[in-house]
Novice: 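Structure incoming, see below.
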Amino acid sequence: MSSVPEGPMRTFGVPPKLLAEQLAALSGAGYRLTGLSEALDLLDGGCTDPLVALTFDDGYVDFLDHAVGVLAEAKAGATLYMSVGHMGGPADWLGPHAGALGPIMDWSQLADVAATGVEIGNHSLIHHPLDVLPAGQLDAEVRDSRDRLADALARPIRSFAYPHGYNSATVRAVVAKYGHGNACEVGRRLYREGGDRLAVSRLQPTPDHSGDDLVRLVRGEGSSLVPALKRVAQPGWRVARRVALRVFRTKLT
Ligand SMILES: [Zn+2]
């Protein structure tokens, strides 16, 4: 399975060699690389080190095959958000693009990842935009996926990532109600200390960003890069949400 997706999903994957270069550049610039809950715990403990939290979505097999080794080499922590209802199968919310990013890990592969110290976060069951779901289904999407992860991994699940990034006050309240202390959206800007922990914004590195580009972005010096990054990343996000909404409607009818 190729680790470098093609077509509209291309910007969702960073080749392992480039990931290694990006992490080395961040470490070399003095950033401590952690998972998201760890970064927030460090801030709460008064840590003043410059921090970068690394997050990965969906849980493709590719993460176990490639990213785990790169992270270990870089001595970096990370948070991986699992699409629990799709484990062991394709990312079928992507419709015709389901195969572009490879299959989602099964439970035994996820246990292997968790054993390396990567934080496992919740990314809902079916990966549907949560802001448009009826209340009962919204609850189930957040609660059942959390329960299955916590049972399988025998640890509390502290972090959530909104599928496609979309959230609302109602969605954030449900995520908090089921015990998640932090949650991330897309945002494409830096998270500042004191910001809403249930709407942690993220930058999305793409295959077009060198290590130096990423350092500039996390320093807040990449204002000229952010519009470019948005332009590059947008088509993939738009296609993914549009397809997910359509696939879901088809299932209902
Ligand atoms: Zn996702």
Side-chain angles (χ1 to χ4, degrees), residues 1 3 5 7-14 19 35-36 53-64 66-67 78-106 109-110 113 118-133 137-138 140-142 144-146 148-149 157-168 171-172 174-175 180 182-188 198-207 229-230 232-248 251:
M1 178 62 60
S3 62
M9 301 297 126
R10 189 185 80 89
T11 55
F12 289 125
V14 172
L19 177 63
L36 181 55
L54 304 174
T55 64
F56 297 80
D57 285 10
D58 304 341
Y60 300 98
V61 169
D62 191 70
F63 183 88
L64 175 61
H66 298 286
T79 302
L80 173 69
Y81 295 100
M82 290 306 295
S83 301
V84 176
H86 297 279
M87 288 180 64
D92 55 14
W93 70 88
L94 291 172
H97 309 288
L101 303 170
I104 308 276
M105 284 185 267
D106 62 24
Q109 291 167 320
L110 180 64
V113 170
V118 168
E119 176 184 22
I120 307 301
N122 183 0
H123 197 35
S124 86
L125 286 176
I126 64 167
H127 203 287
H128 191 71
L130 297 177
D131 55 329
V132 297
L133 290 181
Q137 193 177 356
L138 167 60
E141 280 294 308
V142 176
D144 296 353
S145 48
R146 179 211 60 177
R148 287 166 68 179
L149 288 170
I157 302 301
R158 303 175 58 198
S159 192
F160 191 92
Y162 305 107
H164 309 274
Y166 291 88
N167 63 91
S168 63
V171 170
R172 292 191 293 276
V174 170
V175 164
H180 305 87
N182 63 75
C184 38
E185 49 179 23
V186 180
R188 300 195 186 88
L198 292 173
V200 174
S201 53
R202 298 189 281 185
L203 297 170
Q204 188 200 344
T206 73
L229 184 121
K230 274 192 182 167
V232 172
Q234 213 83 293
W237 287 105
R238 221 178 306 132
V239 168
R241 176 172 168 106
R242 208 171 47 225
V243 171
L245 287 166
R246 202 169 49 222
V247 168
F248 182 68
K251 274 189 184 155

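Order of appearance sets the numbers: ligands from 1, and atoms from 1 within every ligand. Side chains included, hydrogens not; waters and symmetry mates left out as well; all remaining heavy atoms used. Values in this document were obtained by computation on a predicted structure and should not be read as measured data.
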Novice: Name whichever N, O or S atom of H127 ends up nearest to the Zn ion (ligand 1).
Specialist: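 Distance check against the Zn ion (ligand 1) picks out NE2 in H127.
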Novice: Partners of R146 by side chain to side chain donor-acceptor pair (under 3.5 Å), sequence neighbours excluded?
Specialist: none
Novice: Check D58 and report its N/O/S atom nearest to the Zn ion (ligand 1), by atom name.
Specialist: OD1
Novice: Verify, without hydrogens or angle tests, whether S83 (side chain) and H127 (backbone) share a donor-acceptor contact under 3.5 angstrom.
Specialist: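 No: the side chain of S83 does not pair with the backbone of H127.
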Novice: Under 2.8 Å from the Zn ion (ligand 1), is there an N/O/S atom belonging to H123?
Specialist: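 It does: H123 brings an N, O or S atom closer than 2.8 Å to the Zn ion (ligand 1).
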Novice: Kindly indicate, with the supporting measurements, whether the criterion side-chain contact (heavy atoms from CB on, under 4.5 Å) is fulfilled by H128 and H164.
Specialist: CA-CA 8 Å; H128 191 71; H164 309 274; over 6 Å; no
Novice: Ignoring hydrogens and angles, tell me if any N or O in the side chain of N167 forms a donor-acceptor pair with the backbone of L130 under 3.5 Å.
Specialist: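 Checked: no pair found.
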Novice: Would one find an N, O or S atom of D57, in either backbone or side chain, under 2.8 Å from the Zn ion (ligand 1)?
Specialist: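 For D57, the answer is no, given that no N, O or S atom comes within less than 2.8 Å of the Zn ion (ligand 1).
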